[in-house]
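Data first, discussion second: the structure below is written as C-alpha cells.
All of these numbers come straight from a predicted model, not from anything done at the bench.
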Amino acid sequence: MSPSLATLDLTSLRQHSEQLFSRCQWSREKLLSRQRAELQSMLRHAVHSSPYYRDTIGAPVARGAPLEDFPALTKRVLMENFDRIVTDTRLNRRQVEQHLDGDNPGGLLLGEFNVAATGGTTGERGITAFDRAAWLAAIATMLRFQRIVGIDETTRSMAVFASSPIHISHRIGAELRAIRPNAPGLNVLMPIETIVETLNAYQPQVISTYPSFVRVLAAEQQAGRLRIKPRLIRTSAETLTQDVRNIAAETWQSTVADSYVCTEAGPMGHECLCADGLHLAEDAFVFEVVDADNRPLRNGIEGAKLLVTTLTNRIVPLVRYEISDIVTMATEPCSCGLPFWRIASITGRREEMLRFPRRGGGTVNVHAHRLRSPLTSSAGVRQFQFAPLREGLEIRVSVFPGVDADAVSRKIEDAVRTTLTAVDAQPSSILVKVVDAIERSGSGAKEKLVTAPATRLPDES
C-alpha cells in the first residue's frame, strides 16, 4: 500500500477522530437523538439533491413517514440509477468506472473524490464515491474503532489486505499508514515468503487481515517460519468464525476483534475487547435487520438481510441499502459500557446458502458456514471452498505438502455427510476435489466460501 494514496490532512483526521471518540462516553439516549436528527437531515438532503430519491421517497419524507415505509435499495438499483442518485452533478457512473479502470484508480477523481468498487459475494459490480467530508468521517470512524481496542499512533499495527487500490480496504490502509509511516505495506497476493520475512522484521503488535489469511499466517507460525507475537488480530471483509478465533488463541494467545466494512458505505462496526459482537457506528448509519420482505425484526431474531442508511456521505446517499448478510442483533447491552448497539452474530451471506434434498421429500437450506467445522478439524487442509451441484456438493480443498490427499478427502466426505444428515439433508453426491490452490477473487482478493462449480458430475446438466 503506497503512502502516496493517503489523501487526508493528518491534523484534521486526528481532530475529527478525537471528536468521534468522545461520543463513546455519550448515553445511548443522546446517541439515538443525534441519529434521528442526522437521519432527517440526510433524508431532506437526498430528496432535495437526488432526482432518484425525489421520485422514490419524496412523498413519505414530506409526510414524516417512518424509515421502514421506504423502499429498499439493492446494488443493482444503485448501479442502474447511479447518475440520478449521486447528488453532485459533476459525477456520473461512466466517469467513476473509467477512473477506476484507469492508470491511477487510487488517485482522487477530479482532485476531490475517493472512489471505490466491489464485486461482492454475488459478483455484481458496485461503485461509490466519497467527497472529502465523507471520507474524513469514514477514516475517523475507523480510527475511533481502533482506539476502542487499544490501538493508537504508537502501536506497531499493520494490515495485510487487498492488492488493488480499487478496493476500499487498500484505500483505508493507505490513510492509516500515513499515521504510521514505518509500517510495511503488504497484501495477501504477495509471496508468502515475502510476507513472513517482513512480519518477522517488523514484529507487529496488531495485525489486520482477512479471517482466511489468519489461517495462512497461523500455519506459517506453527511451521516455525513465522515468529511473531501479536496481542491482537483484527479481521474484516469475510465472515469471522469461531475456528479462526480458536486458531489465533492457540497460535499466539491473541484476541481477535472483528470489524465490519462495506465498500459502498465505509467502516460500519467493530468489536470491543470483549469480542462479544460488533458495535455499530450509529452516529454515522441507521441499521435495520429485516426479513425477506424488508420488514424490521426484533433484536435477537435472525434476519434475511441488513438494510443500511448512511448519514455522513451526502454525495452518494444510501437509504435502506441492502446488504445480504444474515445478521442477528444483540438483546442486551455490552459489558464494556459503549453506547453503540451490537450485531451479536453474522451467519454469513445469503449467497452462501446451500440447498439440498431433504430426507423424506422437499429441500433443506444449509448455510456453508455450518460445514466449516468438518474442514477446519481435518488435519492437513490448507484451504477449502464449496460449489453447489444439482442435488449435491463439490468441495474443493488444497492440502499441505506431504499430506495423504486421498485419506483427507475420505475423512472430509464422511464428516460433511454426517453434518448434513444431522439436519435431514440428503445430497445425491458429495465430490471432494483436491486442487493445488484456491485463488482469491476480485479487487479485494478475498477468499470466496461458495462459488459456482468448475466441474460437474456426469449426470449434471
Polar side-chain atom of W341 near backbone of L280 as donor-acceptor pair, under 3.5 Å: no
Given the options E68, R320, K305, N294 meets side-chain hydrogen bond (donor to acceptor under 3.5 Å, both in side chains) only with K305
Taken to the nearest 0.5 Å, the spacing of L78 CG from L318 CG works out to 6.5 Å
Check your understanding: Quick check: does any side chain N or O of S254 sit under 3.5 Å from a backbone N or O of P230, one acting as donor and the other as acceptor?
Key -> yes
So CG of L108 and CG of D131: to nearest 0.5 Å the spacing works out to 11.0 Å
query = Within the distance-only criterion (no hydrogens, no angle test), does the side chain of H99 pair as donor or acceptor with the backbone N or O of G107 below 3.5 angstrom?
reply = yes
* To do: For the pair N313 (side chain) and A129 (backbone), establish whether a donor and an acceptor sit closer than 3.5 Å, ignoring hydrogens and angles.
  => yes
Side chain proximity check, W252 to I228, heavy atoms < 4.5 angstrom: yes
Output for pair (I343 CD1, H270 NE2), nearest 0.5 Å, gives 13.0 Å
Check your understanding: Would you call R171-E175 a salt bridge at under 4.0 Å N-O?
Key -> no
(Q) Does either side chain, that of D258 or that of T235, offer a donor lying less than 3.5 Å from an acceptor on the other one? (A) yes
Salt bridge or not between R245 and E271? Use side-chain N to carboxylate O under 4.0 Å. yes
**Asked** Would you say V327 and F287 make side-chain contact, with heavy atoms under 4.5 Å?
**Response** no
Taken to the nearest 0.5 Å, the spacing of T309 OG1 from L73 CG works out to 9.5 Å
Sorted by chain and residue number, the side chain to side chain donor-acceptor pair (under 3.5 Å) partners of E153 (sequence neighbours excluded) come out as R14
query = Considering only heavy atoms from C-beta outward, does the side chain of L393 approach that of P427 to under 4.5 Å?
reply = no
Next on the checklist: Just by distance, no angles: are the side chains of T347 and E302 close enough, under 3.5 Å, to form a donor-acceptor pair?
Outcome noted: yes
Under 3.5 Å, is there a donor-acceptor pair linking the side chains of E250 and N246? no
task: Verify, without hydrogens or angle tests, whether R144 (side chain) and L20 (backbone) share a donor-acceptor contact under 3.5 angstrom.
output: yes
Check: Backbone N or O of R225 within a donor-acceptor pair of the R227 side chain at under 3.5 Å?
Finding: yes
Scanning both residues in full, the closest heavy-atom pair of D276 with R342 reads O-NE, 2.9 Å
- With the side chain counted from C-beta on, respond yes when E322 and V77 share a heavy-atom pair under 4.5 Å apart, and no when they do not. no
Item to check | Any donor-acceptor pair under 3.5 Å from T363 side chain to R355 backbone | outcome: no
- Report yes if the side chains of I195 and L226 come closer than 4.5 Å at any heavy-atom pair, otherwise no. no
Smallest heavy-atom separation, F340 atom then H279 atom, equals O-ND1, 2.9 Å
All heavy atoms of T312 vs all of A137, minimum pair found to be CB-CB, 4.0 Å
When every non-hydrogen atom of L338 is compared with those of C272, the smallest separation belongs to CD1-CB, 4.4 Å
By ring-ring contact (aromatic ring centres under 6.0 Å, His included), F130 pairs with (sequence neighbours left out) W135
Nearest heavy-atom contact between A140 and L13 is N-CD1, 3.7 Å
Review point. Any side-chain heavy-atom pair from I172 and F161 closer than 4.5 angstrom?
Key: no
Check for a donor-acceptor pair, side chain of D291 on one end and backbone N or O of R295 on the other, with a separation under 3.5 Å. yes
In terms of heavy-atom contacts, G150 and T155 come closest through O-OG1, 3.8 Å
- Query: Sub-3.5 Å donor-acceptor pair from the side chain of N92 to the main-chain atoms of R94, do we have one?
  - Reply: yes
Quiz item: Heavy-atom count around D436 CG within 6.0 Å, excluding the residue itself: above 12?
Solution: no
Checklist entry - Would you say the side-chain atoms of S212 and E238 include a donor-acceptor pair closer than 3.5 Å? => result yes
Exercise. Looking only at atom types and distance, does a side-chain atom of D406 sit under 3.5 Å from a main-chain N or O of S409, one as donor and one as acceptor?
Worked result: no
Q. Going by atom types alone, do R396 and Q385 pair a side-chain donor with an acceptor below 3.5 Å?
A. yes
Less than 4.0 Å between a side-chain N and a carboxylate O, is that true for R359 and D424?
yes
Decide yes or no for I179 and L143: does some side-chain heavy atom of the first lie under 4.5 Å from some side-chain heavy atom of the second? yes
Taking side chain as C-beta onward, heavy atoms only, is I151 less than 4.5 Å from R234?
yes
